[in-house]
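Shown next, in structure tokens, is the structure this report addresses.
These values consider heavy atoms only, across backbone and side chains, with no hydrogens, waters or symmetry-generated copies. Per chain, numbering begins at 1; letters A, B, ... match sequence-line order.
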Amino acid sequence: MDSEAVKKEIIRQALQATNTTNARILIENINEKCFERCVPKPGSSLSSSEQTCLTQCMEKYMQAWNQVNATYIRRIQQEMANNSFSSSS
Amino acid sequence: MEGLTPAEQRELDQRLQKRQVKEFMTVFGNLVDNCFNACVDDFTSKVLSGRETGCISRCVIKSMTTQARLGERFAELNAAMTAEMQQKMSR
């Protein structure tokens, strides 16, 4: 394998590892958070309103995750742009 | 570290990297958690409202700025402590 292919393979594996860790942590947090918020008094089964709440909570949490991701990346890019700007002046 | 074969060095680098990735993901997860707690309280809708979205953006930026500043202060304190210790030892 030439070096380009090796590099691509390494990047692919790194992304995969990140995504898997991402997903695992995401699910753990969603579980904990949404149960906390939506099922204040656990009964022997989930009522339909609790189920709805859990679904909406999960949707919103994932959207929040994406929002955090986007904001974080935007901010890092800003900082990098600022740094390169100030070092060249 | 001397005495490590190239293979062992690679293994070490890999493990350090994995740990770094894990750490970063944990920090990121906590960030999402905190901002979700602070900003999202309305579960009658499936979609983040504009208010919640804006709140999350500001929350992320504030957290990042706080972390950066804490890092700077910590480095300053560390340097001060190290300098003080060196002074004491050279007396």
**Prompt:** So which heavy atom on B:Phe43 is nearest to which on A:Cys53, and how close?
**Reply:** CD1-SG, 3.9 Å
**Request:** Output yes when a side-chain donor or acceptor of A:Gln67 lies under 3.5 Å from a complementary backbone atom of B:Ile56, and no otherwise.
**Result:** no
**Message:** With a 4.5 angstrom heavy-atom cut-off, is it the side chain or the backbone of B:Glu52 that approaches chain A, or both, or neither?
**Reply:** side chain
**Message:** Using ring centroids (six-membered ring only for Trp), state whether A:Trp65 and B:Phe36 fall under 6.0 Å.
**Reply:** no
**Fill in**
Of all heavy-atom pairs linking A:Arg75 and B:Thr65, the shortest is NH1-OG1, 3.6 Å
**Request:** Write out, in numerical order, the residues from residues 18-25 of chain B with a heavy atom short of 4.5 Å from a heavy atom in chain A.
**Result:** B:Val21, B:Lys22, B:Phe24, B:Met25
**Item:** Which portion of B:Val32 sits near chain A, non-hydrogen atoms under 4.5 angstrom
**Value:** both
**Prompt:** Any donor-acceptor pair under 3.5 Å linking the side chain of A:Arg37 with the backbone of B:Asp41?
**Reply:** no
**Message:** Tell me whether B:Glu8 at atom CD has more than 12 heavy atoms from other residues, nucleotides or ligands lying less than 6.0 Å away.
**Reply:** yes
**Request:** For each of B:Thr53, B:Thr44, B:Ile61, B:Asn37, tally heavy-atom pairs with chain A at distances under 4.5 Å, and name the one with the top tally.
**Result:** B:Asn37
**Request:** For residues B:Asp33 and A:Lys33, report the shortest heavy-atom separation together with the two atoms involved.
**Result:** OD2-NZ, 3.3 Å
**Prompt:** Are more than 12 heavy atoms from other residues, nucleotides or ligands located less than 6.0 Å from atom CD of A:Gln51?
**Reply:** yes
**Item:** Residue part contacting chain A, namely of B:Ser63, when any heavy atom lies under 4.5 Å
**Value:** neither
**Complete:** Of the listed B:Cys39, B:Ser57, B:Gly29, the one with the largest count of heavy-atom pairs under 4.5 Å with chain A is B:Ser57
**Request:** Below 4.5 Å from any heavy atom of chain B, which atoms of A:Ala64 appear? Answer side chain, backbone, both or neither.
**Result:** both
**Asked** Does one hydrophobic cluster hold both A:Tyr72 and A:Met62, with members joined at side-chain heavy-atom distances below 4.5 Å?
**Response** yes
**Prompt:** Does one hydrophobic cluster hold both B:Val60 and B:Phe28, with members joined at side-chain heavy-atom distances below 4.5 Å?
**Reply:** yes
**Message:** Please tell me whether B:Val27 and B:Leu70 are part of a single hydrophobic cluster in this structure, the criterion being side-chain heavy atoms less than 4.5 Å apart.
**Reply:** no
**Complete:** Value for CD1 (A:Ile76) from CE (B:Met64), rounded to nearest 0.5 Å, stands at 4.0 Å
**Request:** Ignoring hydrogens and angles, tell me if any N or O in the side chain of A:Gln56 forms a donor-acceptor pair with the backbone of B:Asp42 under 3.5 Å.
**Result:** no
**hydrophobic_cluster_shared for A:Ile30 and A:Val39, side chain cutoff 4.5 Å** = no
**Point-to-point distance, once rounded to the nearest 0.5 Å, from CD1 of A:Ile25 to OG1 of B:Thr26** = 4.5 Å
**Prompt:** Which answer fits A:Cys38, side chain, backbone, both or neither, if we ask what part of it has an atom under 4.5 Å from a heavy atom of chain B?
**Reply:** side chain
**Prompt:** Under a single-linkage definition using a 4.5 Å side-chain heavy-atom cutoff for Ile, Leu, Val, Met, Phe, Trp and Tyr, are A:Tyr61 and A:Val68 assigned to the same hydrophobic cluster?
**Reply:** yes
